[in-house]
Amino acid sequence: MSTNPFWRSMSIVAVSALLAAPAYGRAEPVADSHPSGADRFYRQTLEWKPCGVENLDKAGGECANVLVPLDYGRPDGRTITLAISRVKASDPARRRGILVSNPGGPGGPGLDSVDLLGDVLSTDVLASYDLIGMDPRGVGESTSSPRCGWPVGEMVRSAGLDPLGFAHDTVQSAGMAASCVVRDPELVRQFTTRNTARDMDVVRAALGEEKINFYGLSYGTYLGAVFTQMFPERSDRVVLDSAIDPDRYWTGLVQDWGPADEIALDDWAVWAAAHDEEFRLGATPQQVRAKIEELVRIVHRQPIVIDGFAIDDHWLPFILHALLWNFRLNEPLAATVRELADAAGGPPTTSQTPRLRAIVAALRDNENSVLAEVACGDVSAPIDPLWYWRNIEESRATQPVFGALAGNIQPCAFWPRPVEPATVVRNAAPALIVQATGDPRTPYAHGVRLHQYLSQSRMVTLQDVRIHMTFRPELSSCVNNAINTYFGAGTLPDADTTCTADQTAS
């Protein structure tokens, strides 16, 4: 531990926040089979009704609430409800089961399965499965916690360029954690991935099914992998798109965003330089990157106030991160950077670009605290602020834009310890893992590692594409065919396969 008074005070903040957290003992891990006294949840009868969601209603969908225990270790205690949807198989004579999906997050609402998969699943697959959407516990229409009252919408942001900015984030993160946990600690601490996997098994049983077929995107791949570990006998055809290495979730995954985002920024800079006549960000990739790095320094000195929100060196890297995940966003990202550069040094203004307007509105008005409730409740994070600051400083030379974002402290550092250990995923459940080599959100190495951990899996690599989520229309017919073939016929590729995109950015 450093003897510097600044770092000593930051460490005191961390320890004090942890000591002030409500004192709940760690529960013993619950067996993955039905816990004693929980039979009523697995045998319940569901009451279906219209969803009131345009896509689902148009597709003939219906919705129901599923009762589950808050704490599977105490099935006679508090209960919560899960909102699920069902779009029945289009050909009852060919129906083979249910296809559950999760769109990512953690904290992403998953009720609208048609919105996620309706335009990419083949006619044969749609004929064979009931599509099941689910808002996980804590999310959307399912039981959730009261808003935490965060001063900003997101917990992931850059530490900025100097120690004072990091100190601000440290103190604010401690307050953000405390404001969430104090409201209903018994509820919030049970919003975990392991419990969501148990919830999926209750949904399976309530629907009268023996097994679950599953499509998971991003965080949904972590949920899917955890489910295969906890319920291997209940796992059928599983597709994991843009996968997370379960050993790197959560802190390690965010750290890995740093180098991946820097590579993505370089890739975008090539495109931006080719479109310099329109966006005036630099005639070479090097000039475009220099423009970005200079803009970070500018907003450190004087934030740009747009739509009532101050974009400084904490939030500019986050905005870039939010737009770099998809090469199809090259033009909106360039328009956003151009607008920010034009507004730098000027008076408060109003956003003129839709993407920037949406991001600023979310940071200003929409609290994404469920991300913290799940991620921090799943896996412990280091508690010493000095650990984060050292990582940030070490990363600056090679990650000048995103190192301070990927290494920054978050509310997880001040969260109570998880109620049970994280899941170690090592099993032989069959699965199809699909990963783009240029994915900045779940870098390619994560998919490779999960492929190793799921010994009977096959991997499809989408080569040389900067994209997060490979199963999309008009992206790669090779990828889409592999996924639809697996869901439809149950056939995994004979060996790992490489695909290319049908089109790329111009």
Side-chain angles (χ1 to χ4, degrees), residues 102-108 156 192-194 196-197 214-230 232 235 238-264 321 324-325 371 374-382 387 391 395 399 402-403 405-408 410 412 418 420-463 465-471 479 496-498:
N102 181 276
V156 177
T192 68
T193 298
R194 285 180 63 85
T196 298
F214 182 79
Y215 171 85
L217 167 68
S218 193
Y219 162 78
T221 68
Y222 179 68
L223 173 61
V226 168
F227 185 86
T228 66
Q229 188 69 33
M230 295 176 67
S235 302
V238 173
V239 173
L240 306 176
D241 184 348
S242 307
I244 293 173
D245 173 358
D247 288 357
R248 295 290 292 166
Y249 172 87
W250 162 258
T251 301
L253 170 63
V254 177
Q255 287 180 311
D256 294 340
W257 288 348
D261 274 337
E262 297 287 350
I263 293 171
H321 165 80
L324 279 169
W325 66 274
L371 170 64
V374 178
C376 306
D378 276 339
V379 183
S380 297
W387 181 87
N391 289 338
S395 72
Q399 302 171 42
F402 297 106
L405 180 146
N408 199 16
Q410 297 178 12
C412 294
E420 58 181 324
T423 307
V424 177
V425 176
R426 305 287 190 279
N427 66 64
L432 181 65
I433 299 170
V434 189
Q435 202 89 3
T437 57
D439 188 340
R441 292 291 180 87
T442 54
Y444 183 68
H446 281 245
V448 172
R449 185 66 70 183
L450 181 60
H451 179 31
Q452 294 171 348
Y453 294 158
L454 300 179
S455 61
Q456 296 302 306
S457 64
R458 291 289 185 271
M459 186 164 180
V460 174
T461 296
L462 180 57
Q463 189 71 36
V465 181
R466 173 167 47 89
I467 193 77
H468 181 66
M469 187 180 187
T470 66
F471 194 30
V479 167
D496 294 343
T497 303
T498 298

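Only a predicted model underlies this, so the values are computations on that prediction, with no experimental measurement involved. For the numbers below, each heavy atom of this structure counts, side chains included, while hydrogens, waters and symmetry mates do not.
Using a 4.5 Å cut-off on side-chain heavy atoms (C-beta onward), V424 and Q229 make no contact. A heavy-atom distance below 4.5 Å is not found between the side chains of V448 and Q435. Put simply, the side chain of T251 reaches to within 4.5 Å of the side chain of P382, judged on heavy atoms. Between D496 and T461 the shortest side-chain heavy-atom distance does not fall below 4.5 Å. The side-chain heavy atoms of I263 and P440, taken from C-beta on, include no pair separated by under 4.5 Å. The side-chain heavy atoms of W325 and D261, taken from C-beta on, include no pair separated by under 4.5 Å.
The minimum heavy-atom distance linking V238 with P430 is given by the pair CB-O, 4.1 Å. H321 approaches F402 most closely through the heavy-atom pair N-CE2, 3.8 Å. Nearest heavy-atom pair, R441 versus W257, reported as atom, atom and distance to 0.1 Å: O-NE1, 2.7 Å. The shortest heavy-atom contact between E262 and G403 is OE2-N, 4.2 Å. A pairwise comparison of heavy atoms in A197 and M230 identifies CB-SD, 3.9 Å as the closest pair. Across all non-hydrogen atoms, the minimal contact from C376 to P418 is O-CG, 4.1 Å.
Take R466 and apply the salt bridge (charged side-chain N to carboxylate O under 4.0 Å, His left out) test, not counting sequence neighbours, and it matches D267. Applying the salt bridge (charged side-chain N to carboxylate O under 4.0 Å, His left out) criterion to R458, with sequence neighbours excluded, gives no partner residue. Legend: residues meeting side chain to side chain contact (heavy atoms under 4.5 Å, CB included) with A436, ordered by chain and number and at least two apart, are D439, L462, I467, T470.
The backbone N or O of R449 lies less than 3.5 Å from no partner atom in the side chain of D245, so there is not a single donor-acceptor pair. A donor-acceptor pair is defined here as one N or O able to donate and one able to accept, closer than 3.5 Å; no such pair exists between the side chain of R426 and the backbone of S455. Looking only at distances, a side-chain donor or acceptor of T221 sits under 3.5 Å from a matching main-chain atom of I244. Within the 3.5 Å criterion, the main-chain N or O of L217 finds no donor-acceptor partner in the side chain of S242. Between the side chain of Q463 and the backbone N or O of T437 there is no donor-acceptor pair closer than 3.5 Å.
To the nearest 0.5 Å, atom CG of residue N427 and atom CG of residue L454 are 5.0 Å apart. Atom CG of D378 and atom OH of Y249 lie 3.5 Å apart (nearest 0.5 Å). The NE2 atom of H446 lies 13.0 Å from the OH atom of Y222; values are rounded to the nearest 0.5 Å. One distance of note links NE2 of H468 with OG1 of T442; it measures 4.5 Å at 0.5 Å rounding. Here OG1 of T228 is found 10.0 Å from CZ of F214. Values are rounded to the nearest 0.5 Å.
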Next on the checklist: Applying side chain to side chain contact (heavy atoms under 4.5 Å, CB included) to T193 and T423, what does each step give before you reach the verdict?
Outcome noted: CA-CA 9 Å; T193 298; T423 307; over 6 Å; no

Next on the checklist: Quick one, R248 with Q255, criterion side chain to side chain contact (heavy atoms under 4.5 Å, CB included). Give me CA distance, side-chain angles, the key distance, then yes/no.
Outcome noted: CA-CA 9 Å; R248 295 290 292 166; Q255 287 180 311; 3.6 Å; yes

Next on the checklist: side chain to side chain contact (heavy atoms under 4.5 Å, CB included), that's the test. Do L371 and W250 meet it? Break it down for me.
Outcome noted: CA-CA 11 Å; L371 170 64; W250 162 258; 3.8 Å; yes

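Inspection of the Y219 and N102 side chains reveals no N or O donor paired with an N or O acceptor under 3.5 Å. There is a side-chain donor-acceptor pair under 3.5 Å between Y453 and D247.
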